[in-house]
Every structure is written in structure tokens, then in C-alpha cells.
Amino acid sequence: MRIRVRFAPSPTGYLHVGGARTALFNWLFARHTDGTFILRIEDTDRKRSADRYEKAIIDDLRYLGLDWDEGLGIGGKYGPYRQSERFPLYKEYAKRLLKEKKAYYCYCTEVELEARRKEALRKGQTPRYDGRCRNLRKEEIKRYKKEGRKPTIRFKAPKKKVVVSDLVRGEVTFEADALGDFIILRSDGVAAFNFANIIDDMSMEITHVIRGEDHLSNTPRQILLYRALGIEPPKFAHISMILGPDRARLSKRHGATAIAEYRKKGYLPEALVNYLSLLGWYPPDGREIKSKKELTKEFFLDNISKPPAVFDNQKLNWMNGHYIRSAPLKRITDLAIPYLREAGYLKGRITPAKKKWLLKVIEATRTHLEYLAQVPKEVEVFFAKEVKISKEGKEILKKESSKRVLSTLKNKLKEIKEITDKNFKSLVKEIEKETGYKGKDLYLPIRIALTGKNRGPELRFILPILGKKECLRRLSLGRVGK
RNA sequence: GUCCCCAUCGUCUAGCCUGGUUAGGACACCAGGUUUUCAACCUGGCGGCAGGGGUUCAAAUCCCCUUGGGGACACCA
């Protein structure tokens, strides 16, 4: 049988790293097994769901390159793939359970329920529905109806031990009285999560449910529902949570958690995917840098690790930097252009000559990058109109040796047509020969006079990128080099 | 509070299932090399089996307890 897995986000917020990791694991498993990856939207909470989130989630999945074979925007024979369009189906199954006496109407109001819940919590008891509406007498029902109460439908949870057989955790046993009768259809007729979820998994013939560990304790409820419907449940794999540095569940207060934020900051999809793949999974050969193709080949549910994983931004940054350095220069340059525009360094159309120049600028600076939003800061020296020299820099320029090096450089520059990658070396050699200075005495004054800073991109990049004219202009700024 | 999950360097983790390893790798950190600087890169170093009981000739590995962390207990998903 062909493997069918799904990613089923609810559109109540942006795709965050945890969701992305779940989507990725599902995707990898589907691709590894040549199965089907399905995207389904769980929007039964009409109040919190929003179209813009649905759109954003789709954008982010596309950005990560996690394409789906069936579902939203694609269709398929198991559709519709939006739960809000499947309400009749849930109702039908709820009615069936009602008829089979496996569910019942409950007339308790939200206010009553909440009060009882709080009371139980206060007393240190497990908050659980007491089943008081299980056997309502006719007159009671009449009275409630008269009061205008709209009933929910509750599932009669059998008081039996439930064993969840989990692919990553093994057999997990839940005690018989751990759960009360839970709501499957709300008073407004909309299915509750546990119900809609299993009806869809069942009717979409999902074979493996790979999801966050926070769903592990939902699973016994769902298994009970499968049993009541006489259906074999899918296989479950609960992957551990992603934590912040303080070991609390990762959330906004830990900083960036939305994939969209990482995208905006200029994280490459392959870096994000690669880093996320390492959160709770380990490649058999121990080599961590992996393309999506390799990940697909090697990913299997066996080597998923159980303990929760702390999200390490430093490692992500390192990995993103690695991909920035090893990607084709042209691609990184193209990706950097929007950031340069935003910084005001680039305006209008980019001529081929300008593009060529930009490639060099990125080549000179990419080794310093962790993410693309850092580009403007790194390339500043090439765009600055003025050269601001630090106090220490001024001290160095005051030295007799510096003055001689710079005036020689100036003269040499005037003699040549243009400074290029090729003649840079010989130019420096000539200055060295003529002045007798080398090393720091030779290079540092040039760097400072040209950029104002004593660190930055390599000089062999700086001179050709600035060009003869700009070099001479900068040398004459602030009476330097006279 | 009750139930469930988890526990190897600061972090991600390999090793655990099928006891015998100098407990391995990656990020970070430190040092050296390379480079005119920084970065990148290369080499080396620092650093860990939460604690306590068992079982066994032998325990990171199997069992129990403690501790710690996380999750769930909604007309949220």
C-alpha cells in the first residue's frame, strides 16, 4: 500500500519552525517512500482562522520547497482539503455515533463547564467532564431546550486502557479513567479538532500521522474514536518539541520563530531545511551538511530521536553562512540586490556593467555573512561617499611611513589606466620596492585611507572594486597622503 | 494536582534495542597555522553519560526509585 501522509496546519498564525519541521519530516518520509504528501487546512476554529495565514503558510512551504501532491491549491480525489468545507461529513459521522449510542447530546453550557473545570483544578483534581448528560431524562431535555440551550455532541469514552503504539516512542499506555467524554461536535454544529482530525485522516486514507509530541495525549481519544467507527487507526509517530534556549517551548518571546521572518532576513531555504532536519533526526553517516536529495534518500522514521531539541540560532547562522559561501556567486548576488536597494545603495535599472561590479562586491564580502540582511552593513565601504577615519586610524596615517606609502600609491595610480585584479599585485610590489615598507606598514595605511577602518574585505578586492578614480578621490579626502 | 513523554559535552546529537568504545561527530568557545586585517579555511584543545540503588565478571547501554525538564488535561488546534 502506498504511504500517505499529511501536514495539517491550522491557519491561526504564521508557519513557525516547529510546524515547518513537522511538515519537513512528513515531506521527507513521503518522498523517501515514494508516497503521497498532502496539505490539509484545519480551520474548524472559525474565530481564529484567517485567509491571510493560510496564504502565508502556503508561501512559506513553497519557499522551503516542500511541495505537496494533493491538497490545497492542487486538489485530488479526497477533497475538499479545507476542513471548513467538510462540515457535512463530520455531522454525518456524529449522527452515526449518536444512532449507535456511542455519543450523546450534552446541554451543559460553556460557562458551567468552565466553572467546573476551574473548581476541579483548584481542588487539585483532573478536570474532566463528569458525564452528567449521558442519561438525561426526557423532561430534562425538554426543559433545556425550552431554555434555549444548544447542545454539543459528546463521545462516550469507554473506560478502558488505551495503548498507543508509537513509531518513535514505542507502546504508550494511558489509564482507563484518564479521559472523560469529550466533545466531537460543538453547539454551533462545527466539529471539534479530535473529531474532524480523525474523520479526515480516515477518509483521506492517511497511513502515517507524523506530528508534534503535544498531540501524544490526544491520541488515546482519537484511537477510541477510530474503534467506535470500526476503523483501523493509522500509524503514529510523535516527534519531540522544539525548545527555546531556556528549555521552554519555543515561542515568539524567544525571538524569530516564523519561517517568514527567517526568509525576510535572508536565510536560504536549503539551510533552513538542512538545519530543521537535524532537530530530532540524525543522518546515518553523521555528515550534517545534506542536500534535500540526500536527506530524502536517508530519512527514515527509525532514526528519529526522542528528547526535545533546543533551537540553536548560532548553528543555523553557521549553516546558512556555509550555504551562502558555497552557492553560485550569481545567485547570492541576485538575492542580495533587494537588500541593497532597501539600503538605498541601488536605484533603478541595473546595467550589465553594474551587475558585474556587484558580483565582485558580493564575492569580496560573502565570507562574512550569516544571512543576507547583513549585506548592506558588509558592503558599506564600497558605497560610502565619505571616509570616516577612527582616532587610531588617524594616528597610523600620521606616521611618516604611511605618508610615503600613500603618496607613492597616489602617483602609481595616476600612471596606470585602471586598477584591476591583475595589476593589483604588481602595483603593491612596486610600492614596496620604492618605499621599502612592507607588511602592516604597507597595507594598513592603504586600507585606512581608503575605507577608514582597519579591518574589512581583502585589499585585493577593495582597490579593483573602487577603481582608480574612486581610490584617488578617497586618497585626497581629508588631506590624506600628501 | 492527575496522566503522559524525555534525560550523553553549553547546544544539536552518535553510541543504548543486541552490556566489554581511549564515549565519536557538528555548532559555540580557546590555541596554532594560513591570510597585509577581519572573516573564511586547515590543525589541535577544552568539555558530557543528572543522582541513587539494583542485575552482571562487566552498565552510557537492562530494571527500579529520586530529581530535573517538557507536554496534555478546552464548545483551541
Side-chain angles (χ1 to χ4, degrees), chain A residues 8-13 42-45 47-49 83 106 108-110 113-114 117 120-129 150-154 164 166 168-170 172-175 177-180 182-188 190-194 196-197 211-221 238 240-241 243 245-249 275 278-289 303 305-319 321-322 325 365-369 378 428 438-444 446-448 453-460:
Chain A
S10 63
T12 54
E42 307 220 329
D43 57 347
T44 53
D45 185 346
K47 285 192 280 284
R48 292 201 304 148
S49 297
Q83 289 191 325
C106 168
C108 298
T109 66
E110 250 177 295
L113 258 15
E114 182 57 22
R117 205 178 86 90
L121 239 25
R122 197 185 58 77
K123 281 193 194 155
Q125 295 166 336
T126 305
R128 187 187 310 138
Y129 184 68
K150 284 233 163 52
T152 60
I153 296 177
R154 279 189 192 270
V164 177
D166 191 274
V168 350
R169 269 147 233 286
V172 182
T173 307
F174 289 84
E175 282 181 44
D177 55 353
L179 55 216
F182 52 93
I183 290 173
I184 56 175
L185 215 68
R186 298 191 283 235
S187 56
D188 60 0
V190 175
F193 162 75
N194 277 311
N197 193 266
R211 60 185 4 171
E213 202 207 309
D214 47 337
H215 286 290
L216 183 57
S217 34
N218 276 320
T219 312
R221 276 173 248 275
H238 288 96
S240 59
M241 303 274 87
L243 273 27
D246 58 354
R247 302 214 130 258
R249 191 187 185 148
Y275 179 70
L278 260 22
L279 253 32
W281 175 79
Y282 205 70
D285 66 359
R287 283 184 39 243
E288 298 190 342
I289 298 286
N303 26 331
S305 44
K306 296 197 251 198
V310 173
F311 192 85
D312 185 2
N313 247 307
Q314 258 179 337
K315 186 155 181 177
L316 204 214
N317 282 345
W318 164 79
M319 196 171 267
H322 167 85
R325 268 168 254 131
T365 51
R366 85 207 291 205
T367 50
H368 293 74
L369 297 174
E378 290 301 325
V428 174
K438 57 180 179 179
K440 268 196 164 82
D441 289 336
L442 172 64
Y443 291 98
L444 206 52
I446 299 177
R447 170 180 296 284
I448 293 168
K453 299 181 177 71
N454 48 10
R455 52 164 63 178
E458 293 179 49
L459 267 192
R460 67 184 175 93

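Just so it is clear: chains get the letters A, B, ... in the order the sequence lines come, proteins before strands, and each one is counted from 1. Source: prediction; values computed, not measured.
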Nearest-neighbour nucleotide for the A:W318 side chain, B:rC75, B:rA28, B:rU37 considered:
B:rA28
Heavy atoms from C-beta onward define the side chain here; which of B:rG71, B:rG70, B:rC4 lies closest to that of A:A248?
B:rG70
Would you indicate which nucleotide in B:rA74, B:rG71, B:rU13 comes nearest to any side-chain atom of A:R117?
B:rA74
So, does A:S305 get its side chain near the phosphate of B:rU13, meaning an N or O under 4.0 Å from OP1 or OP2?
yes
Respond yes when some side-chain nitrogen or oxygen of A:R169 is under 4.0 Å from OP1 or OP2 of B:rG70, and no when none is.
no
Using a 4.0 Å heavy-atom cut-off across all strands, classify A:E288 as base, sugar-phosphate, or nothing.
base
Is the base of B:rA26 touched by the side chain of A:K315 through a donor-acceptor pair closer than 3.5 angstrom?
yes
Per nearest nucleotide of RNA chain B, the residue lying toward the 5' end, A:Q314 or A:P307, is A:P307
Check this one for me: any side-chain N or O of A:T44 less than 4.0 Å away from OP1 or OP2 of B:rA77?
yes
Distance check, P atoms only: B:rU21 and B:rG10, in whole angstrom units.
23 Å
Among the nucleotides B:rC4, B:rC75, B:rA7, whichever has the atom closest to the side chain of A:E110 is B:rC75
With a 4.0 Å limit, can you tell me whether A:R325 has a side-chain N or O closer than that to the phosphate oxygens OP1/OP2 of B:rA40?
no
Give the rounded distance in Å between these two atoms: CG of A:L179 and P of B:rC3.
14 Å
Pick base, sugar-phosphate or nothing for A:G321, based on heavy-atom distances below 4.0 Å to the nucleic acid.
nothing
May I ask you to say what A:E458 touches in the nucleic acid, namely base, sugar-phosphate or nothing, with a heavy-atom cut-off under 4.0 Å?
base
Base, sugar-phosphate or nothing for A:C106? Non-hydrogen atoms, less than 4.0 Å.
nothing
Comparing nearest nucleotides in RNA chain B, the 5'-proximal residue of the pair A:R154, A:S240 is A:S240
Looking across every strand, which nucleic acid part, if any, lies under 4.0 Å from A:S10 by heavy atom: base, sugar-phosphate, or nothing?
sugar-phosphate
Take the protein atom CD1 of A:I153 and the nucleotide atom C1' of B:rC75, then report the distance between them rounded to whole Å.
12 Å
Gap between atoms CZ and C1', on A:R221 and B:rA74 respectively (whole Å)
10 Å
When only distance counts, do a donor and an acceptor, one from the side chain of A:T367 and one from the base of B:rA39, lie under 3.5 Å apart?
yes
Nearest to side-chain heavy atoms of A:Y282, which nucleotide of B:rG71, B:rA39, B:rG24:
B:rG24
Rounded to the nearest 0.5 Å, what's the gap from CG on A:N218 to NE2 on A:H238? Could you check?
7.5 Å
Pick base, sugar-phosphate or nothing for A:N303, based on heavy-atom distances below 4.0 Å to the nucleic acid.
nothing
Are A:F193 and A:H215 an aromatic pair, judged by ring center distance below 6.0 Å?
yes
Would you mind classifying the nucleic acid contact of A:H215 as base, sugar-phosphate or nothing, using non-hydrogen atoms under 4.0 angstrom?
base
To the nearest 0.5 Å, what is the distance between CG (A:L316) and CG (A:L279)?
9.0 Å
Answer with base, sugar-phosphate or nothing: what part of the nucleic acid does A:P457 contact at a heavy-atom distance below 4.0 Å?
base
A:R249 side chain, from C-beta outward: closest of B:rC38, B:rA77, B:rG70:
B:rG70
Counting side-chain heavy atoms from CB outward, which of B:rA77, B:rU13, B:rC3 is closest to A:E175?
B:rC3
Opposite nucleotide pairing with B:rA7, Watson-Crick or G-U, both atom distances under 3.5 Å:
B:rU67
Students often get this wrong, so: under 4.0 angstrom with heavy atoms, is A:L279 touching a base, only sugar-phosphate, or nothing?
sugar-phosphate
A:L216 atom CG is separated from B:rC73 atom C1', nearest whole Å, by 13 Å
Quick one: is B:rA14 close enough that its OP1 or OP2 comes under 4.0 Å of any side-chain N or O from A:R287?
no
Expressed as a whole number of Å, how far does the P atom of B:rC29 sit from that of B:rG68?
33 Å
Using both distances under 3.5 Å as the test, list the Watson-Crick or G-U wobble partner of B:rG1, or none.
B:rC73
Classify the nucleic acid contact of A:T12 as base, sugar-phosphate or nothing, counting any heavy atom under 4.0 Å across all strands shown.
nothing
Between NZ of A:K453 and CD1 of A:I448, what distance do you get to the nearest 0.5 Å?
11.5 Å
Closest to side chain of A:K440, choosing from B:rG25, B:rA7, B:rU36:
B:rU36
Hey, does A:P127 reach any base, or is it just sugar-phosphate, or nothing, if we go heavy atoms under 4.0 Å?
base
Counting only Watson-Crick or G-U wobble pairs whose two distances fall under 3.5 Å, which nucleotide matches B:rC41?
B:rG33
Side chain of A:S217, heavy atoms from C-beta onward: which of B:rC75, B:rG71, B:rC12 has the nearest atom to it?
B:rG71
Report yes or no: is there a donor-acceptor pair, N or O only, under 3.5 Å between the side chain of A:S187 and the base of B:rC75?
yes
Go through B:rA77, B:rA39, B:rC75 for me and flag the one nearest to the A:R48 side chain.
B:rA77
Let's test your reading of the model: under 3.5 Å, does the base of B:rA77 pair with the side chain of A:N197 as donor and acceptor?
no
